[in-house]
Amino acid sequence: MDPTTLAGYALLYMAAIAGIVVLLLPILILFLLLLLVTGVIGIVLLAVKTLAVGLIRGITALFTSLRDRHRPRSHGDELVPH
């Protein structure tokens with residue numbers, strides 16, 4: 001085979017690969033954007049869960065402190081030193 005023919009085949013091969021990449025580029029961009037949106041949604045859900053747990057802990061601490069404040073104390077509730 002002639003070197004010019006081989007070079008032509010190589011150029012056509014690279015052009016075909018470049019054309020396929022260009023044709024698949026919108027699908028790749030869409031896939032990457034979908035992955036990005038999924039990651040953002042995961043981070044937002046993690047933040048919402050963290051805020052919900054903090055809010056629930058704060059509310060339970062508030063009610064616990066209110067319950068303990070209004071409950072009559074007896075000597076049996078306290079720890080005995082030994």
Side-chain angles (χ1 to χ4, degrees):
M1 255 191 189
D2 187 19
T4 309
T5 306
L6 288 176
Y9 286 155
L11 284 175
L12 285 175
Y13 183 73
M14 288 189 291
I17 290 175
I20 290 171
V21 167
V22 168
L23 285 174
L24 293 178
L25 199 58
I27 296 171
L28 291 173
I29 291 172
L30 187 64
F31 182 69
L32 290 175
L33 284 175
L34 186 62
L35 283 175
L36 184 68
V37 168
T38 305
V40 168
I41 289 173
I43 291 172
V44 167
L45 285 177
L46 179 67
V48 167
K49 286 179 186 179
T50 305
L51 288 173
V53 167
L55 184 64
I56 290 170
R57 284 185 182 173
I59 289 172
T60 55
L62 176 68
F63 284 129
T64 303
S65 67
L66 287 174
R67 182 192 64 195
D68 290 342
R69 188 180 312 158
H70 295 297
R71 198 167 79 182
R73 291 192 163 212
S74 65
H75 290 291
D77 288 343
E78 297 176 6
L79 293 176
V80 179
H82 21 330

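Note that the structure is a prediction, hence the values are computed from the model and not measured.
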Distance col, row Y13:OH vs L6:CG, nearest 0.5 angstrom, shows 14.5 Å
L51 side chain near L55 side chain, heavy-atom distance below 4.5 Å:
no
Roughly how far, to the nearest 0.5 Å, is CG of L36 from CD1 of I41?
10.0 Å
If I take atom CD1 from residue I27 and atom CG from residue L34, how far apart are they, to the nearest 0.5 angstrom?
13.0 Å
Point-to-point distance, once rounded to the nearest 0.5 Å, from OG1 of T38 to CD1 of I43:
11.0 Å
In L23, V22, L24, the residue satisfying side-chain contact (heavy atoms from CB on, under 4.5 Å) with I20 is L24
